[in-house]
Amino acid sequence: MGISIKYNPRLIEKKIYDNWIKGHYFSSYPDKRVPYTIIMPPPNVTGILHIGHILNNTIQDVLIRYARMNGYNSCWIPGTDHASIATEAKVISLLKKKGLSKELLGREKFLSFILEWTKKHQDIIFYQLKRLGCSCDWSRTQFTMSEKLSKSVIKAFVNLYDKGYVYRGNHIVNWDPKAKTTLSNEEVIYKEQIGILYYIRYKIQNEENIYVTIATTRPETMFGDTAICIHPNDIRYFSLIGKYAQIPMTNRNIPIIQDSYVDMNFGTGCLKVTPAHDFNDKNIADKHRLNVINIFNDDATLNEKCPLSYQGMDRFNARKKIVEDLRKLGFIVNSEKLKQKIGFSERTSSIVEQKLSLQWFLKMKELSIPAIKSIKNEEIKFYPSKFKINYFQWMDHIKDWNISRQLWWGHRIPAYYYGNGDSDFVVAENMKTALIKAKVKTGNSHIKYIWQDKDVLDTWFSSWLLPVSIFDGICNPKNNEICYYYPTEDMVTGSDILFFWISRMIISGFFFKKNKPFKRVYFTGIVRDNKNNKISKSLNNSPNIIDLIEKYGADAIRMGIMLKTSAGKDFHFDDKMCLQGSNFSNKIWNAFRLIKSWNIEIENKNISESEKIAMLWIKNRFYFILDSFNNSFKEYKFDESLMILYKFIWYDFCSHFLEIIKPKNKNISKIVYSNTIFWLENILKLLHPYMPFISEEIWNIIRKRKKEEALIISSWPKRKIFDKNVLFCFENTTKVISKIRHIRNMRNIPYKESLSLYIMIKRHSKIYDPIILKLANLTKIVTVLKEPVNTSFIPFSIGKDKFFLSVNKNYILHDEIFHLEKKIKYFYNLLSMIRRNLSNDKYVKFVPHDILLKERKKESDTLEKIYHLNENLKSMKDKMK
RNA sequence: GGACAUUUAGCUCAGUUGGUUUAGAGCACUACUUUGACAGAGUAGAGGUCAUCGGUUCAAAUCCGAUAAUGUCCA
């Protein structure tokens with residue numbers, strides 16, 4: 001026959017993928033069809049893909065293949081992210097091993113090292129995606145540092161600056177004193193630590209022996225204090241309001257102010273305000289117009305604003321010495337241990353300093369208004385919708401976005417300076433324009449030297465533009481592609497970047513395009529291993545993707561993953577789920593082998609009744625399944641839709657349909673065969689989005705296909721009405737079969753031993769009998785009016801129908817009687833529960849009418865069931881005598 | 001510290017506005033079945049006081065409150 005007994009994905013997947021590429025099936029160009037666009041969240045070039053990416057990209061591929069087969073012009077755009085700080089850190093540590101540093105190399109050489117690194121990882125990432133079967137349009141591959149995207153970033157920056165949204169200003173930022181750069185919030189990792197809370201007294205000015213005691217974990221910042229703050233309701237300190245307190249070991253006096261931010265129960269209820277080194281203190285300072293004193297150098301040593309004896313000292317050494325000195329002078333009243341959360345730099349592990357710093361910011365409040373609206377009115381839908389809560393929470397308290405980074409790898413800020421003053425700069429797309437602007441701004445036409453800002457932009461400042469910039473919608477707002485492909489359909493991403501990316505993309509979409517960037521956001525859960533640990537590079541607990549694919553096949557991994565994923569839920573990865581996938585592949589493969597092994601009879605001889613029924617049933621069953629599959633799929637319940645398909649293929653198609661039509665002599669009539677192939681082809685279509693390789697492979701072995709007949713671009717089955725009655729009758733038939741198999745199983749009656757069945761049914765249609773005969777291996781089915789005599793049998797009932805399976809007397813067991821009695825008892829219990837309801841006046845009075853009817857029917861059904869079971873029990877007991 | 005979420009069979013999860021025969025699925029498990037597509041298989045079975053306690057109701061896995069555990073985000 002030439003088809004291998006085991007399905008071997010390794011031989012097949014590569015060949016199939018190459019054919020898809022050769023057929024250009026992934027490519028998309030604007031045409032008359034409706035577009036369906038997905039932008040792949042670009043993986044960072046810092047590393048290679050892990051299981052989380054596999055989950056994410058499989059979902060996207062499933063969506064895009066489904067759309068493609070449903071007639072849309074599908075366009076899935078792959079890409080990578082330059083990941084400014086993370087990549088720079090990786091390369092720096094690589095260089096360090098070689099004894100090099102970025103300063104030693106200089107900007108240009110350093111960047112060439114990074115480019116080399118980037119190229120290497122891009123290749124690995126794209127190779128991994130291809131092995132997974134991703135049908136992205138590779139001719140549209142993006143990179144966030146490409147020329148096109150960089151241009152858009154710069155243009156967007158200039159545009160936002162010109163409109164007054166981008167500004168340069170002094171704000172508190174997260175500062176990594178080791179790397180000497182600002183950090184985004186996500187690059188700060190909070191860990192709980194035990195610190196010491198010091199109680200320090202500050203003398204009240206112009207008062208003898210009156211002090212106010214504050215509590216702080218950071219005594220070294222006291223030289224930056226500009227106020228002491230108490231809660232407006234705190235009566236303990238009313239006498240101090242309006243007075244000044246003297247910072248110990250200095251001559252400086254600071255005001256005592258009131259603000260409800262202060263927690264009266266924490267420490268003494270008095271807060272020292274250090275606006276240059278704490279977000280909240282800065283807020284208070286802004287409100288009360290306090291001074292701001294920065295006491296740190298860039299490397300977090302104390303600067304000239306501090307007393308001479310501490311200048312130049314590291315912050316931690318300074319703390320020790322200050323505490324020592326304060327103790328000596330009697331300023332420390334108390335100290336106690338305190339659990340606190342400390343922010344560490346993800347990159348250098350140094351403790352992050354909050355620091356007032358001159359940086360570039362984007363005003364967010366106004367920009368966020370349409371973005372909030374779009375989620376409120378469901379113009380953009382979240383799956384699951386619970387993430388709307390988080391979204392609104394963040395959006396409602398949105399802060400200006402610090403977009404500058406003191407790094408080299410990234411988009412250089414297009415600000416050009418002509419002097420050392422804080423506002424001696426212009427913002428322009430290039431140096432030439434900048435020079436002109438500078439001349440205009442200063443009125444000095446002799447300016448010759450201007451220099452560009454050394455810093456780069458936050459990575460997210462490029463990725464937040466992607467849905468627009470990918471189609472060049474920022475530089476060429478009216479071009480064909482942006483008009484055709486925008487807005488995109490789905491965004492599939494982890495919930496952890498809701499704020500950093502999703503929210504900002506929505507903002508940028510409405511700003512630059514006056515329209516949403518995508519219609520739906522599907523949030524994948526966090527991927528964890530079977531010990532509930534987050535899959536991460538640092539734990540090194542992600543399996544190698546290529547190894548997994550080699551072992552199980554891409555289809556098996558896709559299937560295993562999709563069967564377990566559910567929007568927004570954490571995802572526990574286990575090798576076992578791939579095993580289920582590969583078993584399933586093998587099942588399909590062997591079903592196909594079976595069909596292929598049959599000889600088609602040229603002459604059309606009579607088709608048996610059971611074949612007719614099987615064909616009728618599988619047709620109706622298919623359209624029933626198609627509906628439920630589509631419904632689940634449209635709700636983005638991929639696990640559910642796949643499970644529907646899984647069971648349909650395994651149980652309905654293989655266990656029932658194929659078993660019924662399976663010929664003994666391998667000869668099958670042409671009609672039955674072509675019918676079987678027809679349904680198999682339809683099954684392959686439904687399967688294709690999830691398991692593209694095996695489905696395409698079988699599709700092509702069934703018969704030779706032309707290029708335009710590939711499964712990947714075939715059309716999705718159209719829904720049709722189905723006859724519920726056919727499904728119902730068939731289901732009853734399988735119940736009988738199942739019952740007989742159970743009886744065999746209980747008594748170890750070999751399958752080979754043929755049995756006879758007597759049926760006592762009022763209106764029994766015999767058309768299903770051949771199926772029962774075949775699948776339960778019976779010699780005959782006889783319709784009777786009453787219990788058969790002179791033969792030993794096992795009675796059973798399904799609904800109101802009674803059955804008697806004739807067996808050798810030896811097979812009747814006491815066990816069965818015991819089971820029957822147990823069952824009867826169960827129904828008596830049920831009956832008593834039903835009757836408890838029905839005898840309850842309140843129940844009868846309040847319950848809706850239809851429920852009451854149902855309950856009454858339940859009662860009569862149960863009674864009937866008990867009656868039948870008792871009958872069975874009685875006859876069985878008689879037989880035992 | 002604050003906000004939110006989760007807790008259902010050994011594991012991973014369904015369970016729509018309280019009412020469909022005292023809770024469902026897949027996997028794993030147990031028993032039996034091996035020349036007839038597939039042992040990567042077949043058939044059947046067993047598994048749950050729905051986290052705990054209290055409340056609302058004729059009726060609670062479902063609604064409300066408290067507690068506990070876990071997780072995420074924010075500070």
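To find a chain, count down the sequence lines: A is the first, B the second, and so on, and within it residues start at 1.
Ring centroid separation for the pair Phe638(A) and Tyr522(A) comes in under the 6.0 Å cut-off.
Here Lys739(A) lies out of heavy-atom contact (under 4.0 Å) with every strand. If you check every strand for non-hydrogen atoms under 4.0 Å, Thr862(A) touches a base. In this structure, Asn586(A) reaches the bases: a heavy-atom distance under 4.0 Å links it to at least one base atom across the strands shown. No contact: Trp598(A) has no heavy atom under 4.0 Å from any strand. Residue-level contact check: Ser495(A) touches neither bases nor backbone, having no heavy atom under 4.0 Å from any strand. If you check every strand for non-hydrogen atoms under 4.0 Å, Phe571(A) touches nothing. Within the 4.0 angstrom heavy-atom criterion, only backbone atoms of the sugar-phosphate kind lie near Lys647(A); the bases stay farther away. As judged by a 4.0 angstrom heavy-atom cut-off over every strand, Lys576(A) is placed among residues making no nucleic acid contact. The residue Phe499(A) sits close only to the backbone: its heavy atoms come under 4.0 Å of sugar-phosphate atoms, none of a base. In this structure, Ser738(A) reaches the sugar-phosphate backbone alone: every heavy-atom distance under 4.0 Å involves primed, P, OP1 or OP2 atoms, never a base. Met833(A) comes within 4.0 angstrom of a base, heavy atoms only. The residue Lys662(A) sits close to a base: some heavy atom pair falls under 4.0 Å.
One donor-acceptor pair, N or O on each side, does fall under 3.5 Å between the base of rA37(B) and the side chain of Glu659(A). Judged by distance alone, with hydrogens and angles left aside, Lys564(A) brings no side-chain donor or acceptor close enough to the base of rC13(B) to form a pair under 3.5 Å.
Residues of residues 842-851 of chain A that place a heavy atom closer than 4.0 Å to RNA chain B, in numerical order, are Lys842(A), Tyr843(A), Phe846(A), Val847(A), Pro848(A), Ile851(A).
Side-chain atoms of Tyr552(A) and Ser585(A) include no donor-acceptor pair closer than 3.5 Å. If you check the side chains of Lys272(A) and Thr221(A), you find a donor sitting under 3.5 Å from an acceptor. A side-chain N or O of Asn777(A) and one of Ser754(A) form a donor-acceptor pair less than 3.5 Å apart.
Around atom NZ of Lys388(A), more than 12 heavy atoms belonging to other residues, nucleotides or ligands sit under 6.0 Å away. Around the CZ atom of Phe392(A), the shell of radius 6.0 Å holds more than 12 heavy atoms that belong to other residues, nucleotides or ligands.
Set against rC13(B), rA44(B), rU21(B), the side chain of His742(A) has rA44(B) as its closest nucleotide. Listed nucleotides: rC27(B), rA25(B), rA75(B). Nearest to the side chain of Tyr646(A): rC27(B). For Asn745(A), whose side chain is taken as the heavy atoms from C-beta onward, the closest listed nucleotide among rA41(B), rU21(B), rU43(B) is rU43(B). Residue Asp639(A) has its side chain nearest to rC13(B) when only rG26(B), rC13(B), rG42(B) are considered. Distances from the side chain of Lys587(A) to the nucleotides rG42(B), rU12(B), rU22(B) place rG42(B) closest. For Asn590(A), counting side-chain heavy atoms from C-beta on, the closest listed nucleotide (rC58(B), rC38(B), rC13(B)) is rC38(B). Considering only side-chain atoms of Asn280(A), the nucleotide from rU20(B), rU12(B), rA75(B) that sits closest is rA75(B).
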Could you spell out the base pairing of RNA chain B in dot-bracket, with Watson-Crick or G-U pairs whose two distances are under 3.5 Å, [ ] crossing and | to another strand? (((((((..((((.....[....)))).(((((.......))))).....(((((..]....)))))))))))).

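For the pair Lys865(A) and Asp861(A), the salt-bridge criterion is not met [side-chain N within less than 4.0 Å of a carboxylate O]. Contact check on Lys662(A) versus Glu659(A) returns a salt bridge, with a Lys/Arg side-chain nitrogen under 4.0 Å from an Asp/Glu carboxylate oxygen. Using a 4.0 Å cut-off between charged side-chain N and carboxylate O, Glu611(A) and Lys774(A) make no salt bridge.
At whole-Å resolution of the value, OH in Tyr751(A) and P in rU35(B) are 14 Å apart. What separates CZ of Phe584(A) from C1' of rA37(B) is a distance of 15 Å, to the nearest Å. With rounding to whole Å, Leu563(A) atom CG is found 6 Å from rG26(B) atom C1'. Rounded to whole Å, atom C1' of rC32(B) lies 6 Å from atom CG of Asn748(A). The CH2 atom of Trp650(A) sits 11 Å away from the P atom of rG40(B) (whole-angstrom rounding).
Screening Asp286(A), Asp278(A), Asn280(A) against Lys282(A) for a side-chain hydrogen bond (donor to acceptor under 3.5 Å, both in side chains) leaves a single residue, Asp286(A).
Both Asp861(A) and Asn583(A) sit near RNA chain B, but only Asp861(A) has its closest nucleotide nearer the 5' end. Take the nearest nucleotide of RNA chain B for Leu658(A) and for Ser585(A): the residue whose nucleotide is more 5' is Leu658(A).
Taking the P atoms as reference points, rA23(B) lies 10 Å from rC50(B), given to the whole Å. Distance noted for atom P between rU16(B) and rU33(B): 43 Å (whole Å). For the C1' atom pair drawn from rG71(B) and rG24(B), the interatomic distance equals 26 Å after rounding to whole Å.
Applying the 90° cutoff around 0 to the glycosidic angle, rG26(B) is assigned anti.
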Before you tell me yes or no, could you show the steps for Glu855(A) and Lys858(A) under salt bridge (Lys or Arg N to Asp or Glu O under 4.0 Å), namely the whole-Å CA-CA distance, both residues' side-chain angles and the distance that decides it to 0.1 Å? CA-CA 5 Å; Glu855(A) 199 68 8; Lys858(A) 209 153 98 182; 3.3 Å; yes

